[in-house]
Amino acid sequence: MRNSTRLAFVGAAFAALSFGSAANAATATADATAVILSTLTITADSALDFGTIAVNSAGTAVVSANGLGNSCTATALICGGTRAPAVFTITGAADIGVSVTLPTTNSTLTYVGWTGVGAAPTMTLSAFTSYFPSGSTLVLGETTVNVGGSLAVGATQAPGTYEGTFDVSAQYQ
């Protein structure tokens with residue numbers, strides 16, 4: 001009888017311990033969420049335009065991204081006509097910030113329709129800059145960015161029209 005009492009007492013002690021540890025445990029469940037943003041698109045709306053340039057000697061024509069700092073090397077170049085930055089429209093998720101990546105290497109503008117001897121004349125486009133006229137947030141899912149740059153004009157640059165391309169990419173911030 002004494003052994004059965006001891007066994008009952010030990011069993012009751014183990015039961016109390018197991019109830020005690022279960023009474024101190026707690027569990028909570030959390031939700032998990034994710035928002036997938038729509039894909040960004042970027043569209044070139046207008047070209048980077050250096051206008052018309054008269055060459056006296058080698059120089060640099062600059063079109064600023066904000067349109068306020070356009071310049072030409074004094075006495076070397078005479079710049080006229082309409083000069084304007086390239087304009088790109090970026091479209092994506094509303095109220096999200098974006099940034100742009102500009103070219104880190106120079107681009108080449110090549111004489112259009114060259115019929116002369118040898119390779120067509122070229123000019124170098126570099127020092128790209130950007131400006132967000134209405135801010136870099138996609139208000140209502142859209143914003144624009146202007147891109148300017150510098151054009152190196154040679155002292156004996158052949159008269160004519162020159163064209164080239166450059167890439168600009170956009171990413172969410």
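Keep in mind that this is a model prediction, so the values were computed, not measured. These values consider heavy atoms only, across backbone and side chains, with no hydrogens, waters or symmetry-generated copies.
- With a 4.5 Å cut-off on side-chain heavy atoms, Phe50 and Leu125 count as touching.
- Side-chain contact between Val63 and Pro85 is present, with at least one heavy-atom pair separated by less than 4.5 Å.
- In terms of heavy atoms, Ala58 sits closest to Ala76 at O-CB, 3.3 Å.
- Shortest non-hydrogen contact noted between Thr144 and Val87 is CB-CG1, 4.3 Å.
- The shortest side-chain heavy-atom distance between Phe88 and Val100 does not fall under the 4.5 Å cut-off.
- Under the 3.5 Å distance criterion, the side-chain polar atoms of Ser150 are left unmatched by any main-chain donor or acceptor of Val62.
- Contact detail for Ser38 and Ala93: the closest heavy-atom pair is OG-N, 3.3 Å.
- Under the 3.5 Å distance criterion, the side-chain polar atoms of Ser107 are matched with a main-chain donor or acceptor of Thr165.
- The line from CG of Leu48 to CZ of Phe128 is 7.5 Å long, rounded to the nearest 0.5 Å.
- A donor-acceptor pair under 3.5 Å is absent between the side-chain atoms of Tyr111 and the main chain of Met123, judged by distance alone.
- Atom OG of Ser57 sits about 7.0 Å away from atom CG of Leu77, to the nearest 0.5 Å.
- Closest approach of Ile42 to Ser169, counting heavy atoms only: CD1-C, 4.5 Å.
- Note that CD of Gln157 is 9.5 Å distant from CG of Leu109, once rounded to the nearest 0.5 Å.
- Of all non-hydrogen atoms in Ser71 and Arg83, the two that sit nearest each other are N-NH1, 3.9 Å.
- Transitive grouping of hydrophobic side chains (ILVMFWY, heavy atoms separated by less than 4.5 Å) brings Ile96 and Val145 into a common cluster.
- The shortest distance between side-chain heavy atoms of Asn56 and Thr75 does not fall below 4.5 Å.
- Of all the heavy atoms in Pro133 and Asn146, the pair that sits closest is CG-ND2, 3.6 Å.
- A heavy-atom distance below 4.5 Å is found between the side chains of Leu102 and Val168.
- Put simply, OH on Tyr172 and CG on Leu37 are 5.0 Å apart, with the number rounded to the nearest 0.5 Å.
- Atom-to-atom distance recorded for Cys72:SG and Leu151:CG is 9.0 Å, nearest 0.5 angstrom.
- Under a 3.5 Å cut-off, the side chain of Thr52 and the backbone N or O of Gly80 do form a donor-acceptor pair.
- No donor-acceptor pair under 3.5 Å is formed between the side chain of Thr143 and the backbone N or O of Ser134.
- Under the 3.5 Å distance criterion, the side-chain polar atoms of Ser64 are matched with a main-chain donor or acceptor of Gly69.
- Atom CG of Asp45 has more than 12 heavy atoms from other residues, nucleotides or ligands within 6.0 Å.
- By the 4.5 Å heavy-atom criterion applied to side chains, Leu40 and Leu138 are counted as neighbours.
- Between Pro121 and Trp114, some side-chain heavy-atom pair lies under the 4.5 Å cut-off.
- Here CD of Gln171 is found 8.5 Å from CD1 of Ile90. Values are rounded to the nearest 0.5 Å.
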